[in-house]
Number of protein chains: 2
Amino acid sequence: MSVTLADVAARAGVSAATVSRVLNGNYPVAGATRTRVLRAVEELEYVVNGPASALAAATSDLVGVLVNDVADPFFGIMASAVQSEMSPVPGGGGGAGRADGPGKLAVVCNTGGSPERELTYLTLLQRQRAAAVVLTGGTVEDAAHTGALAARLRRLEAAGTRVVLCGRPPMDAGDAGPHPLTVAFDNRGGARRLTDHLLSLGHRSLGYLAGPAARTTTRHRLEGHRAALSAAGLGGDAERLTVHGAYDRASGYDGARELLWREPSLTAILAANDTVALGVCAALRERGLRIPEDISVTGFDDLPFAVDAMPALTTVRLPLHDAGAKAGRLALGREEGPPGGVTTFRGDLMVRDSTGAPR
Amino acid sequence: MSVTLADVAARAGVSAATVSRVLNGNYPVAGATRTRVLRAVEELEYVVNGPASALAAATSDLVGVLVNDVADPFFGIMASAVQSEMSPVPGGGGGAGRADGPGKLAVVCNTGGSPERELTYLTLLQRQRAAAVVLTGGTVEDAAHTGALAARLRRLEAAGTRVVLCGRPPMDAGDAGPHPLTVAFDNRGGARRLTDHLLSLGHRSLGYLAGPAARTTTRHRLEGHRAALSAAGLGGDAERLTVHGAYDRASGYDGARELLWREPSLTAILAANDTVALGVCAALRERGLRIPEDISVTGFDDLPFAVDAMPALTTVRLPLHDAGAKAGRLALGREEGPPGGVTTFRGDLMVRDSTGAPR
DNA sequence: CTCCGGGTAGAAAGCGCTTACTGCTCCGGA
DNA sequence: TCCGGAGCAGTAAGCGCTTTCTACCCGGAG
């Protein structure tokens, strides 16, 4: 059937142990022997049996990346960045045969934002004895789920899997302070800067299209927004001018209509993210409102298409790629987190054409 | 350290074999025993050791999905669709304990469009003894690579891994006709319809912004375009009015400038895909050209943002989700391909606001 | 000339699970 | 009453690899 270590050993005239050692490069093997083995591997087109070696060595080279939605560039970009860190260091140090193997296999798993699927994948990864797991994006704020998740993560770590949180707030769930390996975004600060920008332009009647309630990302952005509003003495109406929806275009479209229905005199609408903002723009255009002359619109994340929207979206740029890469390095243990454990990336305000002074 | 089958067996007062059978549900086990085992599993929080079972059973529940770029929604959508088919059939037939386990683990691997990385991932998947592999998107047309790829795929199949091609032309590389499990897009036909649309609008001077040369997708779309042109007796200038670039926004921007430099009287520009079209629009706007009054623009794929571009993009809709889902089912062997082996999805013309009659 | 130790290679014991194959118990039919 | 065969559960032989421990070979020191 399939070529095994033993076949290679036979062909090279050595023992299986020697072949294994050549392949893993962690034990001295004489040059001539090594060459012979390598040739046999070549000739037989031998490919290691991953499960077998994972079983014997009690480790695997799988790294799981959990995302809420692979089809969303927000996650796609982070996943891609994580993955870009998985190959063995290019210029490698020692110069030994094959420094670090072909690298880890980063696999991205699509949870669809569902806590159950998240747990399911974590189990699947645990049973694969994954080397590390990166959880990206915000999470549902639900006691039951948070508990189950924390428990599962604890078990994963107990089993030697490195767990890193990326773009998700540290979970100080219960016991020992924040999770040690966390890369977070300053959603609160970004949202606050965005609202402040609108306020400084003279807006006084702002609508907010929030993401799904009970998600950390949603809450943090909303808090930043409300903080800015309160500081300007505009907190009173906040509740009424907030509409929750999903992080997608349709929610933006529907939400904008709802907001305008509640308050026709709105001069600005802040969307939960860029995708939502696109929906908002569509609804506004349909209603014959000009952006930003009649009404300003903002996004969040600064996904690649934000600059191409019409008009180009004022938004908050999140360093998605950098965060993902950092998470990847943490996952590989190639880099340590700061003393506190949490690396926070700031979101910078990108002022473009979708915001202007109110009429 | 970690809980094993034997621990569960001991706790339930049965043999390891029985526990295994309960967990896999492929052998009769008395109700009472089953319950006892399940309880023990619960109490011990037992999680199967994937590598061990993969080794023993010579199969694993990993399904690899290779994509050129996770950060690109084109691939994200397909990957997401493939993944959506991986869970065990919801309403399941037999009703046995746990029909099909927690489903397969679809893992997406980012090749970045590089043939080497593609091969590397294939090796990684082969060593994990993946149950199936789905290759998405076009591929490089290079004899050396095609050969290496075909060889590797053949070996994967020999090892029992099911290989399916999605959005990639069937590879009749050499021996036995087209690859049996293929889901393809009619890129040629879509491109032809797009060009015909422009032609029927009265355009006679069309620029084409192609993707990277030597990629199947690029070639097919270009062929469709040229075919329409030739049929209209406009083939002569085609070569000069074609510019190659990457499948990204920057290429669209640069390409549009180049095209306009070569031929200022262009009345339409066809972009290789929607993302490229966005770049084209940006360049055009910058130049003060109105779309579609001064010049028409078209995309390809109909990604979600196409409808939100300004103006909304005329493009060809590719049923990305359906194709991915189909590929997923083929990968699981849950569905058979048609007799010929290749399922082709047609691309429908979506006429929107970015095209109009020339001045 | 013997002895010792560094440098290599081999033997063999598992890693945790699956799965023939074997064995037991209990039933109905002869 | 005895026998055959369901129906379940246990035994044990690996799956292909890693790794500890042991064995060997050789050069140089005593």
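Since this is a predicted model, take the numbers as computed values, not measurements.
- The pair A:E118-A:R168 meets the salt-bridge criterion, since a charged nitrogen lies less than 4.0 angstrom from a carboxylate oxygen.
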Under 3.5 Å, N/O pairs linking protein and nucleotides 8-11 of chain C:
from	atom 1	to	atom 2	distance (Å)
C:dA9	OP1	A:T33	OG1	2.3
C:dA9	OP2	A:A30	N	3.0
C:dA9	N6	A:Y27	OH	2.7
C:dG10	OP2	A:S15	N	2.8
C:dG10	OP2	A:S15	OG	3.1
C:dG10	OP2	A:T18	OG1	2.8
C:dG10	N7	A:R21	NH2	2.7
C:dG10	O6	A:R21	NH1	3.3
C:dG10	O6	A:R21	NH2	3.2

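- Within the structure, salt bridge (Lys or Arg N to Asp or Glu O under 4.0 Å) pairs that include any residue of residues 323-333 of chain B comprise B:E85-B:R329, B:K326-B:E335, B:R329-B:E335 (at least two apart or interchain).
- Under the side-chain contact (heavy atoms from CB on, under 4.5 Å) criterion, A:A40 pairs with A:V8, A:R11, A:A12, not counting sequence neighbours.
- Rounding to whole angstrom units, CZ of residue A:R129 and P of D:dT18 are separated by 18 Å.
- Partners of A:R21 by salt bridge (charged side-chain N to carboxylate O under 4.0 Å, His left out), not counting sequence neighbours: none found.
- In this structure A:E42 satisfies the salt bridge (charged side-chain N to carboxylate O under 4.0 Å, His left out) test with no other residue, sequence neighbours excluded.
- Residues meeting the side chain to side chain donor-acceptor pair (under 3.5 Å) test with B:N68, sequence neighbours left out: B:T111.
- Residue B:N26 places its side chain closer to C:dT19 than to any other of C:dT19, C:dC17, C:dG14.
- Judged as a side chain to side chain donor-acceptor pair (under 3.5 Å), and not counting sequence neighbours, the contacts of A:T123 are A:R152.
- At the phosphate of C:dT18, OP1 or OP2 sits under 4.0 Å from a side-chain N or O atom of B:N24.
- Atom CD in A:Q126 sits about 14 Å away from atom P in C:dG16, given to the nearest Å.
- Between B:L44 atom CG and C:dG16 atom C1' there is a gap of 15 Å when expressed in whole angstrom units.
- For residues 49-60 of chain B, no pair satisfies salt bridge (Lys or Arg N to Asp or Glu O under 4.0 Å), with sequence neighbours left out.
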Requested in this report: Could you go through the side-chain contact (heavy atoms from CB on, under 4.5 Å) check for B:V163 and B:L181 one step at a time?
Outcome: CA-CA 7 Å; B:V163 175; B:L181 265 29; over 6 Å; no
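- Rounded to whole Å, atom C1' of C:dC17 lies 7 Å from atom OH of B:Y46.
- Put simply, CG on A:L55 is 11 Å from P on D:dT18, counting in whole angstrom units.
- Five base pairs at each end of the helix from C:dC1-D:dG30 to C:dA30-D:dT1 define two local axes, and these are offset by 60° (rounded to 10°).
- Under the salt bridge (charged side-chain N to carboxylate O under 4.0 Å, His left out) criterion, B:R36 pairs with no residue at all, not counting sequence neighbours.
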Quick test: give all pairs of protein nitrogen or oxygen and nucleotides 26-28 of chain D nitrogen or oxygen below 3.5 Å, distance rounded to 0.1 Å.
none

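- Shown here are the side chain to side chain donor-acceptor pair (under 3.5 Å) partners of B:T18, two or more places apart in sequence or in another chain: B:S15.
- Taking atom CG of residue B:L5 and atom C1' of nucleotide D:dA12, one finds them 15 Å apart after rounding to whole Å.
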